[in-house]
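To start, the structure under review is shown below, and the notes come after it.
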Amino acid sequence: MLSIHDLEVRIADQERPILKGLDLEVGAGEVHAIMGPNGSGKSTLGYVLAGRDGYQVTRGSVRFRGRDLLAMDVETRAREGLFLAFQYPVEIPGLSNLEFLKAAVDAVREYRGEPPLDSAALLRRAREACAALRLDPGFLKRGVNEGFSGGEKKRNEILQMMLLEPRLCILDEIDSGLDIDALQVVADGVNALRSPDRSFVLITHYQRLLEYVRPDRVHVLSGGRIVRSGGAELALELEERGYGWLEEEVA
Amino acid sequence: MADYLATALARQAPPAAPWLASVRARGAEEARRARLPTIRDEAWRYTSLRPLLEGNYTAPPAEAGPLARWAEAAELGLAAGPRLVFVNGRFCAALSRATPLPEGVVLSPLSDLDEVAGARLAQSLGRLAPPGERVFTALNQWWLEDGAVLWVRDGLELAEPIHLLWLGTPQPSPASVAQRLQVVLGAGARATVVEHFATGGAGERLFTNGVSEFELGEGACLRHCRVHLEGEQALAIGLAAARLAAGARLEGFHAALGGQLTRVELHVALEGEGASCELTGLYLPRRREVFDYHTCVEHRSPNAASEQAFRGIAADRARAVFNGRIHIHPGARGSVAHLVDRNILGNDEAEVDVKPELEIYNDDVQCSHGATVAQWDERQLFYLRSRGVPEAEARVLLGFAFANEVLERFPLQELRQRLRARLLARLAVDPQLARHLT
Ligand SMILES: Nc1ncnc2c1ncn2[C@@H]1O[C@H](COP(=O)(O)OP(=O)(O)OP(=O)(O)O)[C@@H](O)[C@H]1O
Ligand SMILES: [Mg+2]
């Protein structure tokens, strides 16, 4: 599904790279967790994969579903099935959530050669997703993320994911700012989407999410590199011991 | 330049009632003493009159031809309320709609006023827009043939909006026309007036020189919508001047969504204690259009409040000008005045010139102003694209979102609908790009 090799990335105008030779393999149907200290480059990885401007790939390669991901523009990556749930979802006042969803779902469906959903069908699906996420359907009429609480924004990201049916879902701290019930709801949403041809990368600081969504692999990203990989039990160990011991080991 | 005024003054006036003839004579007299502004005049620094002068827009307009052709442009979709339509400056009963009005309300074209009403008008016309202060006001009076008055007696409330359409038709050669409106609301009276500027068909080489005056009695409330939906060869320069007595309120909603040159000057005098006004506006020039809003709100009495919120998007090689002025006089204690103007520069060749001006002559005020010019928001653009939305469509969605925040505040559902369609047509060169918003 996703194959990252020796990826080095810098911010356009800076000397020091943020990602310094990162390797990661995510197979179809797998769930991977990426943990790591603040500022280690987790969100940067998500942005680079999604194609955000301002990052410069100075080395390495990324293949997504067998194709060169870095050669695609942002929207093509999304239509090919890459989805990034933002750590900080963006507000777009004045554009309703539903209009936004329509445009996104249509674009992706068209690319896949599927007929456009008519407004009624889209509305029905969006309402179902709202119900599953325990979001009031009134959120569909409001401006995109406008004035949403932290937890509502996160659920709105999952709502988009449910409607877009991506192949690879990168969820950047989808669990931060969620209360305990909301975490369960979001985890259920993720689990419902798990399938043999859909993969997940969960960026998180907390073991808790991983109790609800069992990862196949856990990686530690530190100093711009994956410094340790393991099974689900690695997350528990990190929860207990923090990251300090790893840095010592690496050093 | 002198040539323009000279030809403008040489234009023959058709026969008129004595009261109108005196109004015109006064205009001619003032115009003779005046000169046209140039970009060396501060108020015209960013807006050149070149299209007006080069086209020499001074001749009277030609006849409009079959009216059926303009019926569609006359529609704003307003289901209820009276409509007065002026085609090339002259009242057109066939396109208008009369509805019963309460006793104590006069809504009439100037051409229908009797001698008594005409004399009353001649007395008050220009009180808020003196022809000696502004050359275009003087010319407006000199060219005046028709227009509208709305007089509402104390305490009366007009439930339905009044739709005034100034419609221009294609001209064989550049022509000019005067547009005029006077609204007088008695104490406690309330009304909604929609001034709608449109042109039918292409090639409408018409210059509309407008003056509107709004006199609001104590506690009166006027909702004033002014929308410019002209074609790309039309020129419009207009002044809307309001004076508010104590406790009166003006809510102004402005949209410029068409016209080669559209300049709107808004003067609001908060004359009485506790008067308030809110001006909301939206301007979206594209191609080579120039849209220019000049506002001036004067706080002349204590405890008056004003709020101005404008937004614009300049695309292609267009230019937007916004000059917002707040003037707080020495006695105007407890004034509250806020102004925000936000702009998006659609690309590098477009231009936005903004200038907030504050003049404050006492300490007991709450004042703020902010004007910004920005590019498209990169984070928003990326967010949309990361969901698969193509970049060109993402820009349309963002432009719409930005404008829609202002549009949502406009009154009258049908008007919002109509403006939304127009807005989308401007934002999306290819209509497909707006298909998720219709
Ligand atoms: N636009 C930028 N300009 C300068 N530095 C940047 C920029 N974006 C990211 N960085 C830096 O890159 C490093 C990695 O940031 P990133 O957001 O990827 O960290 P993270 O692992 O997601 O952290 P957190 O766990 O706090 O979310 C940080 O030191 C950050 O300050
Ligand atoms: Mg992060």
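Chain letters run A, B, ... following the sequence lines, proteins first and then strands; every chain starts at 1.
- Residue contact with chain B, scored on non-hydrogen atoms closer than 4.5 Å, involves the backbone and the side chain of A/R52 alike.
- Under 4.0 Å is where a charged nitrogen must lie from a carboxylate oxygen, and between A/E91 and B/R379 no such pair does.
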Requested in this report: Before giving the answer on side-chain contact (heavy atoms from CB on, under 4.5 Å), spell out for A/V74 and B/F382 the whole-Å C-alpha distance, their side-chain angles and the decisive distance to 0.1 Å.
Outcome: CA-CA 8 Å; A/V74 180; B/F382 174 60; 3.8 Å; yes
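- A 4.5 Å side-chain heavy-atom check between B/R435 and A/D106 finds at least one atom pair inside the cut-off.
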Report task. Determine, step by step, whether A/I92 and B/L397 satisfy the side-chain contact (heavy atoms from CB on, under 4.5 Å) criterion, reporting the C-alpha distance in whole Å, the side-chain angles of both residues, the deciding distance to 0.1 Å, and the verdict. Result -> CA-CA 9 Å; A/I92 310 178; B/L397 296 182; over 6 Å; no
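- Between A/R142 and B/E408 there is no salt bridge, since no side-chain nitrogen of the basic residue lies less than 4.0 Å from a carboxylate oxygen of the acidic one.
- Only the side chain of B/E378 comes within contact range of chain A, judged by heavy atoms closer than 4.5 Å.
- With a 6.0 Å radius and a threshold of 12 heavy atoms from other residues, nucleotides or ligands, B/D316 has its CG atom above the threshold.
- Contact count versus chain B (heavy atoms, under 4.5 Å) is highest, among A/Q160, A/E110, A/R77, for A/Q160.
- The distance from the CZ atom of B/R387 to the CD atom of A/E157 is 4.5 Å, given to the nearest 0.5 Å.
- Nearest heavy atom pair, residue B/G388 against residue A/A78, reads N-CB, 3.3 Å.
- Neither the backbone nor the side chain of A/E80 comes within contact range of chain B, judged by heavy atoms closer than 4.5 Å.
- With a 4.5 angstrom heavy-atom cutoff, B/L381 does not touch chain A via any of its atoms.
- Within a 6.0 Å sphere centred on CZ of A/R134, other residues, nucleotides and ligands contribute 12 heavy atoms or fewer.
- For A/V105, no part lies near chain B; criterion is any non-hydrogen pair under 4.5 Å.
- Annotation: A/R65, atom CZ; neighbour count of heavy atoms from other residues, nucleotides and ligands within 6.0 Å is above 12.
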Requested in this report: May I have the step-by-step check of ring-ring contact (aromatic ring centres under 6.0 Å, His included) for B/Y383 and A/Y88, ending in yes or no?
Outcome: CA-CA 10 Å; B/Y383 192 61; A/Y88 304 109; over 10 Å; no
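- For the atom pair OG (B/S386) and CD (A/E75), the distance works out to 10.0 Å, reported to the nearest 0.5 Å.
- Summarising the local packing, CZ of B/R288 is surrounded by 12 or fewer heavy atoms from other residues, nucleotides or ligands at distances under 6.0 Å.
- For chain A, the nearby parts of B/Q380 are the backbone and the side chain; heavy atoms of each come within less than 4.5 Å.
- Atoms CG and CZ, on B/L384 and A/F100 in that order, are 5.5 Å from each other to the nearest 0.5 Å.
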Requested in this report: Take A/E99 and B/R420 through the test salt bridge (charged side-chain N to carboxylate O under 4.0 Å, His left out) and record every step on the way to the result.
Outcome: CA-CA 14 Å; A/E99 287 158 347; B/R420 180 182 169 116; 3.0 Å; yes
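- Taking CG of A/D73 as the start and CZ of B/R385 as the end, the distance is 6.0 Å to the nearest 0.5 Å.
- Rounding to the nearest 0.5 angstrom, the gap separating the OG atom in A/S96 from the NE2 atom in B/H436 is 12.0 Å.
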